[in-house]
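Basis for what follows: all heavy atoms, side chains included, without hydrogens, waters or symmetry-related copies. Keep in mind it's a predicted model, so treat the numbers as computed, not measured.
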Amino acid sequence: MRRELIDELLAVLGPAGVIHEPARLLAYECDGLALLRQRPAVVLLPRSTEECARAMRILHRERLPVVGRGAGTGLSGGATPVEGCALVGFARMRDVLEVNAAERYARVQAGVVNIDLTLAAEKHGLFYAPDPSSQAACTIGGNVGENSGGPHCFKHGATTRHILGLVIVRDDGSILDLSLPSADPLGYDLVGLFVGSEGMFGLATEITVRLVPVPQVTETLLAIFTDLDSACDAVSDAIAARLEPSALEILDRLTIQAVEASVFAAGYPKQADAVLLVEAEGSEVEVEATLAPLRAIAHKRGAIDIRRARSAAERKQLWAGRKGAFGAMGRIAPDLYVADVVVPRTKLRELVAAATRIANDKQVKLANVFHAGDGNLHPNISYDRRDADEVRRVLEASDEIVRCVVAAGGSLSGEHGIGLEKQEFMSLVFSDGDLRAMCDVRRAWDPDGRLNPGKLIPVHVCREMRGTERPR
Amino acid sequence: MRPLEVVDYAKSLDCIHCGLCLRTCPTYQLTGAEPSSPRGRIYLMRAVAEGQLAATDPQYLQELDFCLACRHCESVCPAGVRFGEMIETARAGRERTQPRGFLARTARRIGFGTLLRSRVWLSLAASAMRFAQVSGAARLLGRLGRPLVEMPTVPAKAERAPLPSSTPAVGTRRGEVAMLEGCAMRELYGRVNRATVEVLTRIGFETKVPSGHVCCGALHAHNGELAGARELARSTIEHFERCGAGPIVVNSAGCGAHMKAYAHLLRDDAAWRERADRFSARVNDFSEFVAAELPMDVQGALGRELGTLAYDDPCHLCHGQQVRSQPRSLLDRTGAARVELPDSESCCGSAGIYSMLRPDDSKAIFEKKAAALRSCGADTLVTANPGCHMQWEAGLAREGVKARVLHVAEVVAAALRQARP
Amino acid sequence: MSTLEQLEARLARVCGSVEVARLRTDVEPLPMVAPRSVEETCELVRLAAVDKLRVVPIGRGSKLGWCSTPGHVDFALSTRNLQRIVSHVPDDGTITVEAGVGMDELSARCRAGGHFLTPDVPLAARRSIGGVVAAGESGADRLRFGPVRHHVLGTRTVLANGLATRSGGQLVKNVTGFDLHRLYCGSHGTLGVIVEVSLRLFPEPEHELRVTTRASELADALSLARRALALPARIVSLSIERTGDGFELAARLFGLRDVVEAEQAALLALWPRANTQSGAAARASSEAASARQRLALSAHPALRIACLPLRLDVVAPLVQRALADARVAGAFSLQPGIAELDVELAAGLSEASALAAFLRSLRATLARHGASLALRNAPRTALVELDPFGDPASGLDLMRSIQRCLDPEGVFATGRFHGGL
């Protein structure tokens, strides 16, 4: 990058706000999807909406592509840099600006770590419901970009249901203030449209989120199964029985073993083939009324044991194990491909089995840990990226899993987004007409296509769109 | 030198880039910069090993220096990456590939080669430092003297006297322990050493101190002087083997963590590996040992004379040795009022000699700790490591927070005195 | 043959027959077509695009009074004949239907599958799901379930190019592609014709109760409502309505029997002289007795005021005073949990200019409290001076740009929605 341009950015952001040394830029070449890598031209770390906007004006003038980044924990390559881009990170925008306990909302800067928001809200008897497994690292800004989920989204819904307002820095550096909190706004729902737009509409710098009261009672059960199929069936039964716990998570044998070897060992029995983690919350009566039939279902489906967390600490430990599961897979192989697909909840068993079959065919190591209650599967494949043949088999297996899921009425992503990872699969679920509509809307936000270019929309549709006129 | 020899390549492969370490890392918290995080540093180490980045790249070396090696990241790493060992190897690699300037080289030679190997030189240096502090000469030295001005005053000679090689148990003798006197602990916090002996003997343990021992080599290892560290490890093992085969009690968290890891340090030394293993098994942190042995009658002995206590976990005790509950339990059993210090597991910025090498970063990191202490309103901060002790004393004075700083051993000793006048 | 007759003939060739519709009582009637399939819908929109005709998409026409008078319109396109149930998977808790399915029929179908359909809107028989989604009409049950836009899992929408396009899907969790369905939801047909909707369903309640009480003053009613809302109960909806001599509060509770009974007990402890109805009676009165229902039927101008929940305690009395000062009478109903206030202007302010002046002044006052005011069934004369949806909000330029990008030729008539969209 030109020295004068760097100096200009330095003047706006200060020395700590601009990273341009080649070695330091290397650390930014991938997000949580380490398979795809590209070194950015420069990394910018603004401290405020205003700084971000000023930097964006310079980047607009220079016609540089811009990629936003929260904590770089995304798993679909949403924050993978594109060639010659400025990567705008939010790691220095970590202030909780306001917690309005009475009206139950909080205003935060985009770089606030998910769990820090919940800790800030906890003091007021409130919490922020979406809890991705990476919640100790991922940022609210990143969550907004990807419309992130998490175990408790089963009851509370994904990020989009919790965002009340946004301040957005647009492609040209102008500031769009949609921060007046509103649950049901008039006019086009720009906030709802923005959530999950994977950094292609603008950079959210300040976010107003809905907070919910900490439930009176929370109970966590661990049901232990000797086969994965039965655990899946138990979840399908629970959905069919119209039960409403707050989370229904399954971990399979390989995942259990990895977790139990880690600092997050949760006491999952290592000989079990699957465990089902169930949580219910609400009043005491409500929790009991939810868990009693769930216990019966688990027994009917052959659970050999059902344990109950006896204290908050035990509950925390059970969840720490679940949330550390992805990282713990580092014990199995150097790299992990975290797949993310959604299936109808009536077909859990069938599609989990299909993924296993595909993994066996391709001779790759598959571990399942997933949000069963939402039908959101994560068939995780461990591999070593230095082994080209293994990488090929991993990609083939994931390709087949996705096709199989889509054929059964499933979808490409439940919470990780499309990014670079699944962009070419988009044509499996959407027609070119559907995708063109998405491109049209994107053009309204970002006429030059500079924001996170080359993501989400398959390449052939982008190419087709490129000739079209700019909006009046 | 081949890149693979300057970093722990195999360990770097354990990291799958999940990012759970970011929030715990003091330098990432300070800068928000990925290369200043554990995940980023591992990424750079891996790039060095894979030949994509020169082992001599100044920015890479800068990131190695910037790390406090607090190992907080290890406590949250689901993949079990041993970052502390990785940073030691990488720093040792740095010393081999990238010669330092003349001044730095000389200073390191004097520090690691002379002072930390000889009690005579160390004691002389302490006296010189005290003179510079008390006489005001330190102020005249300008930037060079700044660390001296800012650190607590080195105690008078009498305070720095050696511990007796053996102190008998008080009352019923229950056994015998060997204790590490330490390099810095003796010169800076002789009172902590005396409190430690007092506690150990009062609970019935004859306490031996190996004569002629100076340093365990932890500072060497943390700063890339692995050869020196191995030499001191062997010497330490020999010294303590001469004091029998009983438990070794260490009141300095950094030293304890390091001594427990001798087996790893000497893993390639066939003659010493097993000896190191046996040695490490004997090592206990003060709290770890005493929590298991403290008699019942100390219960509630301490009144409100120390005010409200807050315990700050030394990194190398909680992250390095997984000792968290014992010091708290000890303090609570004395009857003192205790509050939890917010974020007590985060580094105070002392990090061995880091506070002297990078005073500005060290102070910036400490600011959050001072704020945490203010927010919990404790009158006494309790720690268990001489580096942290000094950082807290200097930092609180600088920030104008009126709170005293004590070692766990000092609190327990006071309680035992109350219990058995 | 007149131009109009020619148009009608061409429309009839596509979908059989052409009816007549009035978008508002005070504007000229229009030809209206109701295609019987998605394909016919696409063909009609294509026809409009090719011939540069302007179309207004409508459902059953129950909420046309919410919008402003559009600019030039050639024909209305109603989705009322799109009646297919595309898929219903009770054990997955999802349903996908064509836009013309009535809310009553849809609700009954969901109930048969063991599910409750939100939004629970008044006058279900006069509303179609397509219209409800297009208008973003949430029910009073938004208190428990959130707004309708949260439960739309996906849509199929015919855009200006005549293509039926999908967004989202039929799964309860899905982040595949941009959430264009969130954009279409509440866009009042200004971006396209919603022809198919997928919804997430909730368990059919085992037990249902309606607890009511009375208060003589609005402030007392608000205070009783606040206390009920502070209970750890998941109240479905909570309303305050002005009656002849005071205010009636009604809380709707449903769910598992034990839970509902516990919630009822808690509520009865808070509310003096409360009455309870249960089961079908509760459901019937929740629907029939509500002023929301009367308002939905009313042809009089009405206001929908919305703000942050607690601000309603200030906003509602303020509106009440303003209405009294202006000698306006009519239904007055509020939903304290979701901070919506509905006011019917049944008598008074009959002059359009007086109405406009009153609303301008009220809007300005409300803006100071962060409240919005939408005007429904406004006489056309008043609309010359007023935007029924309030002053253009931030982001209006972007909204216009989105409209231009999706409908560059203006196939869908503009000027009906917020800021002239």
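Looking at B/Glu34 and A/Arg24, no side-chain N of the basic residue comes within less than 4.0 Å of a carboxylate O on the acidic one, giving no salt bridge.
Formation of a donor-acceptor pair under 3.5 Å by the A/Arg92 side chain with backbone atoms of B/Gln29 is not found in this model. For B/His17 (side chain) and A/Asp31 (main-chain N/O), a donor-acceptor pair under 3.5 Å exists by modelled atom type.
Between chain B and the residues A/Met93, A/Lys323, A/Gln135, A/Arg385, the largest count of heavy-atom pairs under 4.5 Å involves A/Arg385. Ranked by non-hydrogen atom pairs under 4.5 Å with chain B, the options A/Gly330, A/Gly327, A/Gly32 are led by A/Gly327. When each of A/Ala16, A/Pro22, A/Ala71 is scored by its heavy-atom pairs under 4.5 Å with chain B, the top score falls to A/Ala71. Interface check for chain A: of the options B/Leu44, B/Thr24, B/Ile42, B/Val81, the most heavy-atom pairs under 4.5 Å are formed by B/Leu44. Of all the listed residues (B/Pro35, B/Cys18, B/Gly32, B/Pro58), the one sharing the greatest number of non-hydrogen pairs under 4.5 Å with chain A is B/Pro35. Each of A/Val338, A/Val43, A/Ile115, A/Asp116 has some count of heavy-atom pairs under 4.5 Å with chain B, and the biggest count is that of A/Asp116. Highest contact tally toward chain B, considering only A/Cys30, A/Gly17, A/Gly111, is held by A/Cys30 [criterion: heavy-atom pairs under 4.5 Å].
In this structure, no portion of A/Ile332 lies under 4.5 Å from any heavy atom of chain B. Heavy-atom distances place the side chain of B/Asp57, and not its backbone, under 4.5 Å from chain A. Heavy atoms closer than 4.5 Å to chain A are found nowhere in B/Cys21, neither backbone nor side chain. Only the side chain of A/Arg37 has a heavy atom closer than 4.5 Å to any heavy atom of chain B. For a residue to count as touching a neighbouring chain, one of its non-hydrogen atoms must lie under 4.5 Å from one of that chain's; by this rule B/Ser75 touches chain A with the backbone only. Heavy atoms of B/Arg41 lying under 4.5 Å from chain A are absent altogether. Contacts between A/Leu26 and chain B at a heavy-atom distance below 4.5 Å involve backbone atoms as well as side-chain atoms. A/Leu119 touches chain B through its side chain: at least one heavy atom from C-beta onward sits under 4.5 Å away, while N, CA, C and O do not. Only the backbone of A/Ala333 comes within contact range of chain B, with at least one heavy atom under 4.5 Å from a heavy atom of that chain.
Remark: B/Thr31 OG1 to A/Leu45 CG distance equals 8.0 Å, nearest 0.5 Å. Expressed to the nearest 0.5 Å, how far CD1 of A/Ile19 lies from OG of B/Ser36 amounts to 7.0 Å. A distance of 8.5 Å separates CG in B/Leu22 from OG1 in A/Thr73, rounded to the nearest 0.5 Å.
The environment of CD in B/Gln322 is crowded: more than 12 heavy-atom neighbours from other residues, nucleotides or ligands sit within 6.0 Å. B/Arg324 CZ: more than 12 foreign heavy atoms inside a 6.0 Å radius.
Here the closest non-hydrogen pair linking B/Ile16 and A/Pro334 is CG2-O, 2.6 Å. The two atoms that bring B/Pro78 and A/Ser262 nearest to each other are O-CB, 3.0 Å, heavy atoms only.
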A/Glu21/B/Gln62 under side chain to side chain contact (heavy atoms under 4.5 Å, CB included): CA gap, chis, key distance, verdict
CA-CA 12 Å; A/Glu21 306 85 349; B/Gln62 162 68 18; over 6 Å; no
Practice task
Decide side chain to side chain contact (heavy atoms under 4.5 Å, CB included) for B/Leu20 and A/Phe326; before the verdict, give the C-alpha distance in whole Å, the side-chain angles of both, and the deciding distance to 0.1 Å.
Solution key: CA-CA 10 Å; B/Leu20 290 192; A/Phe326 158 41; over 6 Å; no
Self-check item: Derivation and outcome, side chain to side chain contact (heavy atoms under 4.5 Å, CB included), residues A/Arg94 and B/Arg23
Solution: CA-CA 11 Å; A/Arg94 285 175 296 197; B/Arg23 189 166 158 275; over 6 Å; no
